[in-house]
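Working notes for the structure below.
Throughout, a chain's letter reflects where its sequence line sits, starting with A, and its residues are numbered from 1. In this text, all values refer to a predicted model and were calculated from it rather than measured experimentally.
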Protein chains: 2
Amino acid sequence: MAFLILAPSSRTSAWEKEIRKAEPDLDLRVWPDTGDPDDVTFALCWKHPPGVLNRFSNLKCIASMGAGVDHLLQDPALPEVPIVRVVDPSMARSMTEYLLMAVLFRMRQLDRYWQDRLQRTWHPRVPEQAASVRIGIMGLGQLGSDAAQAFFSLRFPVSAWSRTPKTAEGIDTFCGEADFAPFLSGLRVLICLLPLTDRTRGILNRHTFEMLPDGAYLVNSARGEHLVEEDLIAALDSGKLSGACLDVFHTEPLPREHPFWGRPEITITPHISSLTNPKAVCPGIVDNYRRMKSGLPLRHLVDRQRGY
Amino acid sequence: MAFLILAPSSRTSAWEKEIRKAEPDLDLRVWPDTGDPDDVTFALCWKHPPGVLNRFSNLKCIASMGAGVDHLLQDPALPEVPIVRVVDPSMARSMTEYLLMAVLFRMRQLDRYWQDRLQRTWHPRVPEQAASVRIGIMGLGQLGSDAAQAFFSLRFPVSAWSRTPKTAEGIDTFCGEADFAPFLSGLRVLICLLPLTDRTRGILNRHTFEMLPDGAYLVNSARGEHLVEEDLIAALDSGKLSGACLDVFHTEPLPREHPFWGRPEITITPHISSLTNPKAVCPGIVDNYRRMKSGLPLRHLVDRQRGY
């Protein structure tokens with residue numbers, strides 16, 4: 001019975017520390033020092049090399065270090081064992097704070113004032129007020145619900161779109177493909193918080209942008225692959241979109257030659273909208289490890305078919 | 001009985017339109033076309049030339065176009081008639097949205113990411129979360145109360161300091177000079193929303209900054225004269241303050257040669273934190289005009305001694 005941390009591109013010292021704190025007697029191993037692969041029953045993963053999980057013949061559970069599990073499901077040779085993800089209310093809060101920032105600085109045109117200061121130019125612009133800025137949130141899971149409530153409490157009109165029907169106090173909810181156009185048609189700001197699945201890959205594309213009002217603003221803090229990057233450039237060039245705030249990209253770090261760097265309408269943040277805090281999530285991960293050992297039902301199970 | 005608009009540096013067409021809408025039969029005059037000065041009984045002012053109000057021997061009330069009245073009280077020859085100010089809940093809301101933006105973008109270090117993008121540099125920094133960022137608001141009137149409640153609802157710890165004792169749900173309140181040091185000692189962000197009076201002029205000075213924890217952040221969206229500008233530069237140089245977001249300045253527009261332009265730690269906005277909306281406030285101004293005519297008590301009277 002060994003617990004393996006398998007995250008070759010991440011610094012794992014904080015994870016090790018928090019897992020040991022939660023379960024001091026654990027047989028903890030860190031990739032690539034796995035010891036006898038047959039000992040490993042539980043693997044905590046982030047962007048593992050595809051195929052390597054098959055080395056562990058006694059693997060009984062795979063846990064994701066983040067809220068998203070697309071990095072796991074992209075492995076065509078992923079072992080057929082249960083997958084669990086982390087759930088951390090403070091991650092949702094961190095995301096909400098990022099989204100409020102993205103919307104508020106755009107309403108105040110702080111991006112333009114930052115451009116102005118390079119020329120030492122004083123050029124006031126009338127700010128937008130929350131009551132006239134309809135926010136549209138794609139995805140109404142843990143992250144989307146927290147964000148929707150925060151925007152609503154600050155008196156923004158809020159719409160939300162999800163795969164299955166959901167309701168939330170004060171929020172205009174839309175669901176499924178038939179509702180997609182009506183959802184988009186009234187928005188000033190479109191926020192993507194969807195999980196990355198085969199259905200949602202590339203959902204931020206020219207057809208979606210065409211259904212938005214002219215001059216709408218895009219915020220993507222889900223996954224880079226939700227966005228068709230060349231369609232965003234075209235929508236900015238045509239004026240269909242007025243700008244975007246992006247925290248995620250097809251390739252991270254964003255390459256120096258990428259056209260997004262040269263567009264002042266695009267605010268770029270380096271994937272900092274919501275960082276997983278090992279201290280907050282390790283107790284839940286260790287709880288799932290114990291449940292696996294005892295044969296109890298796992299928490300926060302991922303539906304492979306659905307993709308999240 | 002004539003109603004005079006006296007705002008030489010402002011465009012007044014929206015004000016004229018909204019005042020006519022509220023009282024179509026009004027004898028409305030716009031400076032400098034005052035007609036017979038003895039007709040004028042009510043003057044709606046913004047930055048009037050000092051002394052000119054004495055030309056109107058039958059003046060019975062002076063109204064400020066904005067929430068602040070320091071532009072009136074700075075006139076040593078101001079006639080001894082009642083002064084009223086405007087109160088507009090949407091102005092408070094606009095200020096609150098500005099303050100949330102200022103704090104949230106600082107927590108995410110968006111100012112640094114804006115610097116990074118000039119070099120096309122990808123450099124993630126761990127964001128602060130609301131629960132660890134204590135906000136301190138100077139001034140707990142209409143603006144301060146609205147802001148305090150909004151920060152509290154987003155789970156920031158909030159302190160507020162006012163001249164007279166006040167209480168507000170969820171807010172740690174401090175009052176008077178004896179409480180000033182304890183108020184300042186625990187803050188991550190200091191926000192000034194005070195009225196400008198003889199007591200508050202220059203209150204953002206080196207002695208105040210010294211009582212803050214190292215690395216605190218300053219937001220001033222009240223009046224430029226609250227801040228001793230050279231003390232801010234010194235506090236940034238010493239690291240006492242980590243940065244500032246300023247919407248108001250001693251001289252506006254901020255002169256091209258002003259040292260603030262050259263400091264990336266200072267975010268500069270051109271006095272847009274809260275613009276008075278003529279549509280929202282003109283009905284209240286005309287209500288006070290009618291009250292004056294009928295001898296009824298005026299609303300939102302200013303206390304000259306107090307200065308607001």
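- Taking the side chain as every heavy atom from C-beta outward, A:Thr267 and B:Leu110 approach each other to under 4.5 Å.
- A distance of 10.5 Å separates CG of A:Leu99 from CG of B:Leu104, quoted to the nearest 0.5 Å.
- Listed options A:Trp122, A:Tyr113, A:Tyr98 were ranked by heavy-atom pairs under 4.5 angstrom with chain B; first place goes to A:Trp122.
- Heavy-atom minimum distance, B:Phe260 versus A:Arg117: O-NH2, 3.4 Å.
- Counting all heavy atoms, side chain and backbone alike, A:Arg93 lies closest to B:Gln129 at C-NE2, 4.2 Å.
- The contact between B:Pro264 and chain A is made entirely by backbone atoms, counting heavy-atom distances below 4.5 Å.
- Of the possible donor and acceptor atoms, one in the side chain of A:Arg256 sits under 3.5 Å from a partner among the backbone N and O of B:Gln119.
- Under 3.5 Å, the side chains of A:Arg125 and B:Thr269 contain no donor-acceptor pair of N or O atoms.
- If you measure heavy-atom distances from B:Gln149 to chain A, you find no contacts under 4.5 Å at all.
- The six-membered or imidazole ring of A:Trp114 lies away from that of B:Phe105, with a centre-to-centre distance of 6.0 Å or more.
- Counting heavy-atom pairs closer than 4.5 Å to chain B, the top residue among A:Gly262, A:Ala131, A:Ser273 is A:Ser273.
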What verdict does the side chain to side chain contact (heavy atoms under 4.5 Å, CB included) test give for A:Leu100 and B:Leu100, after you've listed the backbone C-alpha separation in whole Å, the side-chain angles of each residue and the deciding distance to 0.1 Å? CA-CA 8 Å; A:Leu100 290 170; B:Leu100 290 171; over 6 Å; no
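- Note that the CG atom of B:Leu154 and the OG1 atom of A:Thr96 stand 9.0 Å from one another [nearest 0.5 Å].
- The candidate from B:Ala130, B:Ala150, B:Pro127, B:Ser94 with the greatest count of non-hydrogen atom pairs under 4.5 Å with chain A is B:Ser94.
- A heavy-atom distance below 4.5 Å is not found between the side chains of B:Pro270 and A:His123.
- For chain A, the nearby part of B:Glu128 is the backbone; its heavy atoms alone come within less than 4.5 Å.
- In this structure, the portion of B:Phe249 lying under 4.5 Å from any heavy atom of chain A is its side chain and not its backbone.
- Distance check, rounded to the nearest 0.5 Å: CZ of B:Arg108 to CD of A:Glu97 gives 6.0 Å.
- Residue B:Leu275 touches chain A through its side chain alone, counting heavy-atom pairs closer than 4.5 Å.
- At a 4.5 Å heavy-atom cutoff, the contact between A:Glu257 and chain B is made by backbone atoms alone.
- Contact record, B:Asp146 with A:Arg155: OD1-NH2, 4.1 Å, taken as the closest heavy-atom pair.
- In this structure the side chain of A:Ile272 never reaches within 4.5 angstrom of the side chain of B:Val126, judged on heavy atoms.
- Contact count against chain A (heavy-atom pairs under 4.5 Å) is highest for B:Asp111 among B:Val103, B:Asp111, B:Asp116.
- For chain B, the option among A:Pro124, A:Ser90, A:Ser274 with the highest count of heavy-atom pairs below 4.5 Å is A:Pro124.
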